[in-house]
Amino acid sequence: MELLTIGAFARASRLTPKALRLYDELGLLPPVHVDEVSGYRFYSPEQLERARLVAWLRRLGMPLARIRDVCDLCDLAPDRAAEAVAAYWAETEAELASRRDLAAFLISYLYGEETAMSGTQPGTQLAIRYAAQSDIGRCRERNQDTAYAGARLLAVADGCGSGGDRASAAAIEALKPLEAGLPAGNLLNALSDAVRQAESAVRDLAGADASGSETVTGTAPGTGTGTGTGTGTGTGTTLTAMLWSGSQLALVHVGDTRAYLLRDGELFQITHDHSVVQSLIDEGRITPEEAVSHPQRALLLRAISADRPADLDLSLHDAKAGDRYLLCSDGLTAVVPPAAIGDALRAAQSPEQAVRGLIELANEAGGPDNIACVVADVVPASSGL
């Protein structure tokens with residue numbers, strides 16, 4: 001049987017050579033022969049059917065890891081492969097419905113229609129009720145997570161390295177002057193400036209650690225060990241914080257701590273993880289389910305460290321009476337699925353009850369890491385605090 005070059009096979013299968021090389025690396029569609037001298041890949045015409053199936057599934061948006069499972073099922077039991085595709089599409093439609101709700105929220109936000117649509121009367125004074133707690137979990141010897149909630153500031157941080165506990169505490173401590181009163185000017189600028197002060201504090205800690213301890217390369221938050229990607233060396237921390245102005249919440253985020261909004265019964269994640277596994281999910285290489293057990297799940301692409309200024313995500317959110325915000329570390333989100341987090345937030349009568357319930361859920365799931373949670377409710381100021 002005459003073999004096809006990668007170029008000829010790409011034309012016949014309607015896949016690009018670049019895609020074929022990626023599928024080879026992933027073990028999804030390996031060539032039948034690779035020339036030992038030139039490294040050229042050669043394919044059998046019998047592989048065209050599998051290649052076309054891969055192309056169709058990619059057009060559906062199916063992640064590569066899941067495509068591999070469908071292709072393997074095709075070789076053994078085509079009926080089961082069909083069932084797997086049907087199951088994926090049902091999940092996709094459910095996710096699409098959730099994304100449609102998020103899109104409606106974002107559209108109204110960008111048009112500035114939230115207040116009119118929310119039922120909050122113009123001029124209504126708003127306030128926040130809040131609670132914060134950090135827990136060591138069931139497997140760690142020390143707690144490197146810090147949680148804080150005050151009248152203006154809400155924050156969680158997950159430290160890493162030998163001084164991770166001090167780094168997370170120092171980062172939040174640097175933000176606390178914002179509690180005394182908001183400076184004149186842009187709310188986001190005030191929050192960004194405070195985070196730069198937090199960076200300076202963490203840099204000082206990292207310098208002290210470097211002078212008296214061995215360097216740990218790319219330490220993953222909450223672990224004390226591990227090899228990271230892009231997060232620098234030694235002591236550092238993630239940070240997710242919100243600054244309350246009376247009608248708006250300014251949000252700053254770096255790392256894999258998260259912020260969620262529960263609005264009208266729907267839970268929205270309003271931060272995006274700066275992590276290796278999230279980048280793999282974004283590229284379609286793994287599924288969210290696979291990320292839970294991925295060996296690099298704790299490694300970050302961004303954090304507050306001594307090496308370089310942190311690349312911050314900053315955003316501004318209009319408040320609505322009835323909103324409930326959650327800030328948390330990955331000690332919660334790595335072991336408790338979003339659906340369970342949403343159920344707990346909906347069921348809790350108060351921020352204190354919500355925080356306790358979420359930490360209990362994480363510990364019931366094994367508590368493999370430290371857990372930090374902050375919950376804040378937006379309420380009419382006349383309701384009292």
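As the structure is a prediction and not an experimental result, all values here were calculated from the model. Residues take their numbers from the sequence shown, with the count starting at 1.
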How long is the span from the CG atom in Leu76 to the SG atom in Cys71, to the nearest 0.5 Å?
11.5 Å
Leu251 and Ile270 have their tightest heavy-atom pair at CD2-O, 3.9 Å
Taking Gln353 for its side chain and Gln349 for its backbone only, find out whether a donor-acceptor pair lies under 3.5 Å.
yes
What distance do Thr271 atom OG1 and Asp313 atom CG have between them, rounded to the nearest 0.5 Å?
8.5 Å
Kindly indicate whether the side chain of Asn363, heavy atoms from C-beta on, has any atom under 4.5 Å from the side chain of Asp135.
yes
Tell me whether Ile136 is reachable from Ile172 by hopping between hydrophobic residues (I, L, V, M, F, W, Y) whose side-chain heavy atoms are closer than 4.5 Å.
no
Nearest heavy atoms of Ala167 and Val202, plus distance in Å
O-CG2, 3.8 Å
Find out if a path of hydrophobic residues (ILVMFWY) with successive side-chain heavy-atom gaps under 4.5 Å connects Leu53 to Leu60.
yes
As an exercise, state the distance from CG of Leu205 to CZ of Arg203, rounded to the nearest 0.5 Å.
11.5 Å
Looking at the rings of His253 and His272, which for Trp means the six-membered one, are their centres under 6.0 Å apart?
no
Can a donor-acceptor pair be found, under 3.5 Å and without considering hydrogens, that links the side chain of Tyr88 to the backbone of Gly61?
yes
Could you tell me whether a side-chain N or O of Glu199 sits under 3.5 Å from a main-chain N or O of Ala310, the two making a donor and an acceptor?
yes
Atom of Asp35, atom of Val37 and distance for their closest heavy-atom approach:
OD1-N, 2.9 Å
Go through the steps to decide whether Leu358 and Val336 satisfy the test side-chain contact (heavy atoms from CB on, under 4.5 Å), and finish with yes or no.
CA-CA 9 Å; Leu358 290 168; Val336 180; 5.7 Å; no
Would you name the heavy atoms of Phe42 and Pro31 that are closest together and state the gap between them?
O-CB, 3.2 Å
Among side-chain atoms of Thr257 and Asp158, is any donor-acceptor pair under 3.5 angstrom?
no
Can you find a pair of side-chain heavy atoms, one from Leu312 and one from Val195, that are under 4.5 Å apart?
yes
If we ignore angles and hydrogens, is there a donor and acceptor under 3.5 Å between the side chains of Gln278 and Asp282?
yes
Under 4.0 Å between a side-chain nitrogen and a carboxylate oxygen: does that hold for Arg50 and Asp72?
yes
Determine whether Leu153 and Tyr148 satisfy the following criterion, side-chain contact (heavy atoms from CB on, under 4.5 Å), listing intermediate values before the conclusion.
CA-CA 8 Å; Leu153 178 67; Tyr148 174 83; 3.9 Å; yes
Does Val277 belong to the same Ile/Leu/Val/Met/Phe/Trp/Tyr cluster as Leu64, with side-chain heavy atoms less than 4.5 Å apart forming each link?
no
Assess whether atom CD of Glu179 is packed by more than 12 heavy atoms of other residues, nucleotides or ligands within 6.0 Å.
yes
Heavy-atom nearest pair, Leu327 first then Ala241, reads CD2-CA, 4.0 Å
Quick check: is Phe9 connected to Tyr40 through a chain of hydrophobic side chains (ILVMFWY, heavy atoms under 4.5 Å apart)?
no
Criterion side chain to side chain contact (heavy atoms under 4.5 Å, CB included) against Leu243, the qualifying member of Leu249, Leu187, Val252, Leu188
Leu187
Validation row: His317, Ser315 side chains within 4.5 angstrom (heavy atoms):
yes
Arg138 atom CZ, over 12 foreign heavy atoms within 6.0 Å:
yes
Return yes when atom CZ of Arg346 has more than 12 non-hydrogen atoms of other residues, nucleotides or ligands closer than 6.0 Å, and no otherwise.
yes
With heavy-atom distances below 4.5 Å as the criterion, would you say the side chains of Leu299 and Ser275 are in contact?
no
Report the distance from atom OH of Tyr43 to atom OG of Ser13, rounding to the nearest 0.5 Å.
8.5 Å
Side chains of Gln144 and Asn370: do they bring a donor and an acceptor to under 3.5 Å?
no
Is it true that Glu49 and Arg52 make a salt bridge, defined as a side-chain N closer than 4.0 Å to a carboxylate O?
no
Please evaluate residues Leu178 and Arg152 with respect to the criterion side-chain contact (heavy atoms from CB on, under 4.5 Å), reporting the C-alpha separation (whole Å), side-chain torsions for both, the decisive distance (0.1 Å), and the verdict.
CA-CA 7 Å; Leu178 294 170; Arg152 296 185 186 275; 5.9 Å; no
Could you walk me through whether Asp24 and Leu29 pass the side-chain contact (heavy atoms from CB on, under 4.5 Å) check?
CA-CA 5 Å; Asp24 179 17; Leu29 190 61; over 6 Å; no
Quick one: does Asp165's side chain get under 4.5 Å of Asn143's, heavy atoms only?
no
Mark yes or no for whether Arg356, through its side chain, and Pro351, through its backbone, hold a donor-acceptor pair below 3.5 Å.
no
If you count every heavy atom of other residues, nucleotides or ligands that lies below 6.0 Å from Arg196 atom CZ, does the total exceed 12?
yes
Using only atom types and a distance under 3.5 Å, with no angle test, would you say the side chain of Tyr325 pairs donor to acceptor with the backbone of Ala259?
no
Which heavy-atom pair separates Glu352 from Tyr130 by the least distance, and what is that distance?
OE2-O, 3.8 Å
Go through the structure and list residues passing side-chain hydrogen bond (donor to acceptor under 3.5 Å, both in side chains) with His33, not counting sequence neighbours.
none
When you measure from the side chain of Glu266 to the backbone of Arg263, do you find a donor-acceptor pair of N or O atoms at a distance under 3.5 Å?
no
Please tell me whether Leu4 and Val34 are part of a single hydrophobic cluster in this structure, the criterion being side-chain heavy atoms less than 4.5 Å apart.
no
Quick check against the 3.5 Å criterion: does Arg41 have a side-chain atom that pairs as donor or acceptor with the backbone of Arg21?
no
Can you tell me if Asp323 uses its side chain to pair, donor with acceptor, with the backbone of Lys320 under 3.5 Å?
yes
Determine the sole option in Thr238, Asp330, Asp273 for which the side chain to side chain donor-acceptor pair (under 3.5 Å) test with Arg258 is passed.
Asp273
For residues His274 and Asp311, is any side-chain donor paired with an opposing acceptor at under 3.5 Å?
no
So, do Thr235 and Cys160 sit near enough that their side-chain heavy atoms are less than 4.5 Å apart?
no
Starting at CG of Leu20, measure out to CD of Glu25 and round the result to the nearest 0.5 Å.
11.5 Å
Out of the candidates Leu332, Thr333, Val355, Leu261, only one should pair with Leu326 under the side chain to side chain contact (heavy atoms under 4.5 Å, CB included) rule; please name it.
Leu332
Is there side-chain contact between Val375 and Leu345, with at least one heavy-atom pair below 4.5 Å?
yes
At what distance, to the nearest 0.5 angstrom, does CG of Leu57 lie from CE of Met62?
5.0 Å
Within-4.5 Å side-chain heavy-atom neighbours: Val156 and Cys373:
no
For a salt bridge (charged side-chain N to carboxylate O under 4.0 Å, His left out) check, start with the C-alpha distance between Asp377 and Arg129, then their side-chain angles and the critical distance, and finish with the verdict.
CA-CA 5 Å; Asp377 289 348; Arg129 292 176 175 149; 5.9 Å; no
